[in-house]
Amino acid sequence: MAAYEALAGDVLMEELAAMRAAATCHLTHLWKVRTMTTQISARPLTGRVAVVTGASSGIGEAAAEHLSELGARVVVLARRAERLDDLVARIEKNGGHALALAVDVTDAAAVQAAADRVAAELGGADLLFNNAGVMLPAPIEELATAQWQRQIDLNITGLMNAIAAFTPQLVKAAAERGVADLINTSSIAAQNIFPNFAVYSGTKAYVTHLSRHLRVELGAKKVRVSAIEPGIVETELQSHVTDEGARAWLEGAKGTMEWLTPQDVAQTVGFLASLPPRVNLQQVTIMPTGQPS
(Lines give C-alpha, C1' and ligand atoms only; values in the text may rest on other atoms or scores of the structure.)
Protein backbone atom coordinates (compact mmCIF):
# COMPACT_ATOMS: atom_id res chain seq x y z
CA MET A 1 0.00 0.00 0.00
CA ALA A 2 2.82 2.37 0.93
CA ALA A 3 4.50 1.72 -2.44
CA TYR A 4 1.21 2.37 -4.25
CA GLU A 5 0.65 5.62 -2.39
CA ALA A 6 4.21 6.73 -3.17
CA LEU A 7 3.69 5.91 -6.85
CA ALA A 8 0.38 7.76 -6.90
CA GLY A 9 2.04 10.74 -5.24
CA ASP A 10 4.78 10.77 -7.85
CA VAL A 11 2.23 10.65 -10.65
CA LEU A 12 0.26 13.49 -9.06
CA MET A 13 3.40 15.61 -8.69
CA GLU A 14 4.30 14.98 -12.34
CA GLU A 15 0.79 16.00 -13.43
CA LEU A 16 0.95 19.16 -11.33
CA ALA A 17 4.36 20.01 -12.77
CA ALA A 18 3.01 19.50 -16.30
CA MET A 19 0.01 21.68 -15.52
CA ARG A 20 2.27 24.41 -14.13
CA ALA A 21 4.48 24.24 -17.22
CA ALA A 22 1.46 24.44 -19.52
CA ALA A 23 0.05 27.36 -17.55
CA THR A 24 3.39 29.17 -17.67
CA CYS A 25 3.64 28.58 -21.41
CA HIS A 26 0.09 29.89 -21.91
CA LEU A 27 0.73 32.99 -19.81
CA THR A 28 3.96 33.65 -21.69
CA HIS A 29 2.09 33.40 -24.99
CA LEU A 30 -0.62 35.76 -23.74
CA TRP A 31 2.03 38.22 -22.56
CA LYS A 32 3.74 38.13 -25.97
CA VAL A 33 0.43 38.64 -27.78
CA ARG A 34 -0.49 41.51 -25.50
CA THR A 35 2.94 43.09 -25.94
CA MET A 36 2.72 42.80 -29.71
CA THR A 37 -0.80 44.27 -29.69
CA THR A 38 0.37 47.19 -27.56
CA GLN A 39 3.31 47.82 -29.87
CA ILE A 40 1.07 47.72 -32.95
CA SER A 41 -1.46 50.11 -31.40
CA ALA A 42 1.36 52.44 -30.31
CA ARG A 43 2.90 52.37 -33.80
CA PRO A 44 -0.13 52.25 -36.13
CA LEU A 45 1.81 53.49 -39.16
CA THR A 46 4.31 50.64 -39.18
CA GLY A 47 5.00 49.60 -42.77
CA ARG A 48 3.89 52.91 -44.27
CA VAL A 49 6.04 55.43 -46.15
CA ALA A 50 5.32 59.09 -45.43
CA VAL A 51 6.59 62.00 -47.52
CA VAL A 52 6.64 65.40 -45.79
CA THR A 53 7.28 68.63 -47.69
CA GLY A 54 8.41 71.77 -45.91
CA ALA A 55 10.11 69.49 -43.39
CA SER A 56 13.08 71.67 -42.42
CA SER A 57 11.18 73.55 -39.70
CA GLY A 58 7.87 74.11 -37.96
CA ILE A 59 4.88 71.90 -38.69
CA GLY A 60 6.68 69.79 -41.29
CA GLU A 61 9.61 69.05 -39.01
CA ALA A 62 7.33 68.14 -36.10
CA ALA A 63 5.12 65.99 -38.35
CA ALA A 64 8.09 64.04 -39.70
CA GLU A 65 9.23 63.19 -36.17
CA HIS A 66 5.74 62.25 -35.02
CA LEU A 67 4.97 60.08 -38.04
CA SER A 68 8.25 58.26 -37.42
CA GLU A 69 7.27 57.73 -33.79
CA LEU A 70 4.05 56.14 -35.09
CA GLY A 71 6.11 53.67 -37.13
CA ALA A 72 6.27 55.18 -40.62
CA ARG A 73 9.41 55.41 -42.68
CA VAL A 74 9.71 59.11 -43.41
CA VAL A 75 11.00 61.02 -46.44
CA VAL A 76 11.65 64.68 -45.67
CA LEU A 77 11.71 67.30 -48.42
CA ALA A 78 12.83 70.94 -48.17
CA ARG A 79 15.50 73.26 -49.57
CA ARG A 80 17.76 73.44 -46.50
CA ALA A 81 19.84 70.26 -46.65
CA GLU A 82 21.64 70.80 -43.33
CA ARG A 83 18.35 71.16 -41.46
CA LEU A 84 17.08 67.97 -43.09
CA ASP A 85 20.25 66.09 -42.15
CA ASP A 86 19.83 67.14 -38.51
CA LEU A 87 16.21 66.00 -38.60
CA VAL A 88 17.11 62.62 -40.05
CA ALA A 89 19.82 62.17 -37.41
CA ARG A 90 17.28 62.80 -34.62
CA ILE A 91 14.75 60.42 -36.14
CA GLU A 92 17.30 57.66 -36.54
CA LYS A 93 18.68 58.22 -33.03
CA ASN A 94 15.18 57.50 -31.77
CA GLY A 95 14.99 54.27 -33.74
CA GLY A 96 13.22 55.53 -36.84
CA HIS A 97 14.07 55.44 -40.52
CA ALA A 98 14.28 58.62 -42.58
CA LEU A 99 15.53 59.81 -45.96
CA ALA A 100 16.40 63.46 -46.63
CA LEU A 101 15.94 64.91 -50.11
CA ALA A 102 16.92 68.55 -50.61
CA VAL A 103 14.24 69.76 -53.03
CA ASP A 104 12.59 73.06 -53.93
CA VAL A 105 8.95 72.07 -54.45
CA THR A 106 8.47 74.90 -56.96
CA ASP A 107 10.78 72.93 -59.28
CA ALA A 108 8.52 70.30 -60.84
CA ALA A 109 11.38 68.26 -62.31
CA ALA A 110 13.17 68.12 -58.95
CA VAL A 111 10.01 66.98 -57.16
CA GLN A 112 9.44 64.28 -59.77
CA ALA A 113 13.05 63.12 -59.37
CA ALA A 114 12.46 62.89 -55.60
CA ALA A 115 9.31 60.84 -56.18
CA ASP A 116 11.21 58.51 -58.50
CA ARG A 117 13.83 57.96 -55.81
CA VAL A 118 11.16 57.22 -53.19
CA ALA A 119 9.67 54.63 -55.53
CA ALA A 120 13.04 53.05 -56.25
CA GLU A 121 14.36 52.95 -52.68
CA LEU A 122 11.21 52.55 -50.57
CA GLY A 123 8.64 51.10 -52.96
CA GLY A 124 6.63 54.32 -53.14
CA ALA A 125 4.77 56.58 -50.72
CA ASP A 126 1.36 55.89 -49.21
CA LEU A 127 1.18 59.14 -47.24
CA LEU A 128 1.91 62.65 -48.53
CA PHE A 129 1.83 65.52 -46.07
CA ASN A 130 1.82 68.49 -48.44
CA ASN A 131 3.00 71.19 -46.07
CA ALA A 132 5.48 73.57 -47.74
CA GLY A 133 4.23 77.14 -47.70
CA VAL A 134 4.98 80.79 -46.99
CA MET A 135 2.98 83.70 -45.50
CA LEU A 136 3.79 87.25 -46.67
CA PRO A 137 0.90 89.58 -45.75
CA ALA A 138 0.85 93.19 -46.93
CA PRO A 139 -1.77 95.79 -47.94
CA ILE A 140 -2.79 95.18 -51.54
CA GLU A 141 -2.04 98.81 -52.44
CA GLU A 142 1.63 98.28 -51.69
CA LEU A 143 1.73 96.24 -54.90
CA ALA A 144 4.24 93.80 -53.45
CA THR A 145 3.99 91.71 -56.59
CA ALA A 146 7.15 89.71 -55.92
CA GLN A 147 5.66 88.58 -52.61
CA TRP A 148 2.36 87.78 -54.29
CA GLN A 149 4.16 85.58 -56.79
CA ARG A 150 6.26 83.89 -54.12
CA GLN A 151 3.13 82.85 -52.23
CA ILE A 152 1.42 81.61 -55.38
CA ASP A 153 4.53 79.71 -56.48
CA LEU A 154 5.03 77.91 -53.19
CA ASN A 155 1.52 77.61 -51.73
CA ILE A 156 -0.18 76.60 -54.99
CA THR A 157 2.35 75.56 -57.64
CA GLY A 158 4.59 73.75 -55.14
CA LEU A 159 1.58 71.97 -53.72
CA MET A 160 0.49 70.88 -57.20
CA ASN A 161 3.99 69.70 -58.11
CA ALA A 162 3.98 67.36 -55.11
CA ILE A 163 0.47 66.14 -55.92
CA ALA A 164 1.48 65.46 -59.53
CA ALA A 165 4.61 63.55 -58.53
CA PHE A 166 3.18 61.44 -55.71
CA THR A 167 -0.50 60.82 -56.54
CA PRO A 168 0.33 57.82 -58.77
CA GLN A 169 2.19 56.27 -55.84
CA LEU A 170 -0.70 56.94 -53.47
CA VAL A 171 -3.21 55.35 -55.85
CA LYS A 172 -0.98 52.32 -56.35
CA ALA A 173 -0.41 51.91 -52.61
CA ALA A 174 -4.13 52.23 -51.86
CA ALA A 175 -4.93 49.53 -54.41
CA GLU A 176 -2.39 47.20 -52.82
CA ARG A 177 -2.84 47.98 -49.12
CA GLY A 178 -6.37 49.36 -48.89
CA VAL A 179 -5.51 52.92 -47.83
CA ALA A 180 -3.33 55.92 -48.63
CA ASP A 181 -3.41 59.52 -47.42
CA LEU A 182 -3.00 62.94 -49.01
CA ILE A 183 -3.01 65.60 -46.29
CA ASN A 184 -2.70 69.25 -47.35
CA THR A 185 -1.85 72.14 -45.06
CA SER A 186 -4.32 74.97 -45.51
CA SER A 187 -5.12 77.68 -42.93
CA ILE A 188 -7.97 79.24 -41.01
CA ALA A 189 -7.31 82.12 -43.41
CA ALA A 190 -9.02 80.02 -46.06
CA GLN A 191 -12.30 80.57 -44.20
CA ASN A 192 -11.97 83.86 -42.35
CA ILE A 193 -11.14 87.45 -43.29
CA PHE A 194 -7.84 88.95 -42.14
CA PRO A 195 -6.89 92.46 -43.35
CA ASN A 196 -3.71 92.53 -45.47
CA PHE A 197 -3.66 88.74 -45.83
CA ALA A 198 -5.63 88.69 -49.10
CA VAL A 199 -3.11 86.88 -51.30
CA TYR A 200 -2.08 84.40 -48.63
CA SER A 201 -5.73 83.74 -47.77
CA GLY A 202 -6.51 83.24 -51.44
CA THR A 203 -3.80 80.62 -51.81
CA LYS A 204 -5.06 78.75 -48.77
CA ALA A 205 -8.68 78.91 -49.95
CA TYR A 206 -7.38 77.22 -53.10
CA VAL A 207 -5.81 74.45 -50.98
CA THR A 208 -9.00 73.78 -49.04
CA HIS A 209 -11.28 73.77 -52.08
CA LEU A 210 -8.85 71.69 -54.12
CA SER A 211 -8.67 69.12 -51.33
CA ARG A 212 -12.44 68.72 -51.30
CA HIS A 213 -12.48 68.11 -55.05
CA LEU A 214 -9.56 65.66 -54.90
CA ARG A 215 -11.33 63.69 -52.18
CA VAL A 216 -14.22 63.10 -54.59
CA GLU A 217 -11.84 61.88 -57.28
CA LEU A 218 -9.48 59.80 -55.14
CA GLY A 219 -11.76 58.56 -52.38
CA ALA A 220 -13.23 55.91 -54.66
CA LYS A 221 -9.67 54.64 -55.11
CA LYS A 222 -9.19 54.40 -51.31
CA VAL A 223 -6.99 57.49 -51.12
CA ARG A 224 -8.16 59.71 -48.28
CA VAL A 225 -7.76 63.46 -48.80
CA SER A 226 -7.80 65.91 -45.91
CA ALA A 227 -7.18 69.63 -45.50
CA ILE A 228 -5.83 70.87 -42.18
CA GLU A 229 -6.67 74.49 -41.35
CA PRO A 230 -4.63 75.68 -38.36
CA GLY A 231 -5.09 78.97 -36.60
CA ILE A 232 -1.98 80.79 -35.44
CA VAL A 233 0.94 78.38 -35.01
CA GLU A 234 4.30 79.52 -33.65
CA THR A 235 6.66 78.74 -36.53
CA GLU A 236 9.17 80.47 -38.80
CA LEU A 237 6.32 81.87 -40.90
CA GLN A 238 5.99 84.89 -38.65
CA SER A 239 9.68 85.77 -39.08
CA HIS A 240 9.18 86.03 -42.85
CA VAL A 241 6.59 88.79 -42.50
CA THR A 242 7.96 92.18 -43.60
CA ASP A 243 4.86 94.37 -43.39
CA GLU A 244 4.97 96.41 -40.18
CA GLY A 245 1.19 96.42 -39.72
CA ALA A 246 0.98 92.63 -40.01
CA ARG A 247 3.96 92.19 -37.66
CA ALA A 248 2.30 94.44 -35.09
CA TRP A 249 -0.97 92.49 -35.39
CA LEU A 250 0.84 89.19 -34.87
CA GLU A 251 2.76 90.54 -31.87
CA GLY A 252 -0.48 91.79 -30.35
CA ALA A 253 -2.12 88.41 -30.88
CA LYS A 254 0.79 86.65 -29.22
CA GLY A 255 0.34 88.80 -26.15
CA THR A 256 -3.32 87.91 -25.74
CA MET A 257 -3.39 84.15 -26.32
CA GLU A 258 -1.29 81.01 -26.29
CA TRP A 259 -0.50 80.01 -29.88
CA LEU A 260 -0.56 76.48 -31.21
CA THR A 261 2.73 74.59 -31.39
CA PRO A 262 3.91 72.64 -34.44
CA GLN A 263 3.53 69.49 -32.36
CA ASP A 264 -0.19 70.20 -31.93
CA VAL A 265 -0.66 70.09 -35.69
CA ALA A 266 1.71 67.14 -36.10
CA GLN A 267 -0.37 65.04 -33.72
CA THR A 268 -3.44 65.86 -35.78
CA VAL A 269 -1.68 64.64 -38.91
CA GLY A 270 -0.78 61.40 -37.15
CA PHE A 271 -4.36 60.99 -35.96
CA LEU A 272 -5.74 61.40 -39.49
CA ALA A 273 -3.35 58.84 -40.92
CA SER A 274 -4.02 56.35 -38.11
CA LEU A 275 -7.79 56.22 -38.52
CA PRO A 276 -9.43 53.06 -39.92
CA PRO A 277 -9.34 53.05 -43.73
CA ARG A 278 -13.12 53.62 -43.89
CA VAL A 279 -12.76 56.99 -42.09
CA ASN A 280 -11.74 60.21 -43.88
CA LEU A 281 -11.86 63.55 -42.07
CA GLN A 282 -12.27 65.88 -45.02
CA GLN A 283 -11.44 69.15 -43.29
CA VAL A 284 -9.97 69.78 -39.83
CA THR A 285 -9.76 73.22 -38.25
CA ILE A 286 -7.29 73.49 -35.37
CA MET A 287 -7.50 76.70 -33.37
CA PRO A 288 -5.74 78.11 -30.34
CA THR A 289 -8.35 78.09 -27.59
CA GLY A 290 -8.04 81.85 -27.24
CA GLN A 291 -8.25 82.71 -30.96
CA PRO A 292 -11.83 83.79 -31.70
CA SER A 293 -11.66 83.52 -35.50
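Side-chain atoms are counted along with the backbone in the values below, which use heavy atoms only and exclude waters and symmetry mates. Source: prediction; values computed, not measured.
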**OP:** Without swapping roles, check the side chain of Ser274 against the backbone of Phe271 for a donor-acceptor pair under 3.5 Å.
**Re:** no
Original post:
Quick check: does any side chain N or O of Gln169 sit under 3.5 Å from a backbone N or O of Ala115, one acting as donor and the other as acceptor?
Top reply: yes
Original post:
Between Arg48 and Ala273, is there a donor-acceptor pair closer than 3.5 Å when you use the side chain of the first and the backbone of the second?
Top reply: yes
Subject >> Inter-residue atom distance Ser211.OG - Ile183.CD1, 0.5 Å rounding >> reply: 10.5 Å
**OP:** Rounded to the nearest 0.5 Å, what's the gap from CD on Glu229 to CD1 on Ile188? Could you check?
**Re:** 6.0 Å
Subject >> Flag side-chain contact, heavy atom, 4.5 Å: Val179 against Arg224 >> reply: yes
Subject >> Separation between CD of Glu92 and CG of Leu99, rounded to the nearest 0.5 Å >> reply: 9.0 Å
Original post:
When you look at CD of Glu142, are more than 12 heavy atoms from neighbouring residues, nucleotides or ligands closer to it than 6.0 Å?
Top reply: yes
**OP:** For Glu61 and Arg90, run salt bridge (charged side-chain N to carboxylate O under 4.0 Å, His left out): C-alpha distance rounded to whole Å, both residues' side-chain angles, the deciding distance at 0.1 Å, then the answer.
**Re:** CA-CA 11 Å; Glu61 181 180 23; Arg90 289 200 307 275; 2.6 Å; yes
Pairs of donor and acceptor atoms involving the side chains of residues 154-164, under 3.5 Å and at least two apart or interchain, shall be tabulated with distances.
residue : atom : partner : partner atom : Å
Asn155  : OD1  : Val134  : N            : 2.8
Asn155  : ND2  : Val134  : O            : 2.9
Asn155  : ND2  : Thr203  : OG1          : 3.1
Asn161  : ND2  : Val105  : O            : 2.8
Asn161  : ND2  : Thr106  : O            : 3.4
Asn161  : ND2  : Thr157  : O            : 3.4

Original post:
CZ of Arg212: more than 12 outside heavy atoms within 6.0 angstrom?
Top reply: no
**OP:** Say whether, by atom type as modelled, one donor and one acceptor occur between the side chain of Asp264 and the main chain of Thr261 under 3.5 angstrom.
**Re:** yes
Validation: residues 193-202 side-chain donor-acceptor distances under 3.5 Å, sequence neighbours left out:
residue : atom : partner : partner atom : Å
Ser201  : OG   : Phe197  : O            : 2.9

**OP:** Enter the distance from Asn184:CG to Phe129:CZ here, rounded to the nearest 0.5 Å.
**Re:** 9.0 Å
Original post:
Counting only N and O atoms by type, is there a donor-acceptor contact under 3.5 Å from the side chain of Gln151 to the main-chain atoms of Leu136?
Top reply: yes
**OP:** Check the pair Ser226, Asn280 against side chain to side chain contact (heavy atoms under 4.5 Å, CB included), reporting the backbone distance first and the verdict last.
**Re:** CA-CA 7 Å; Ser226 303; Asn280 181 185; 3.3 Å; yes
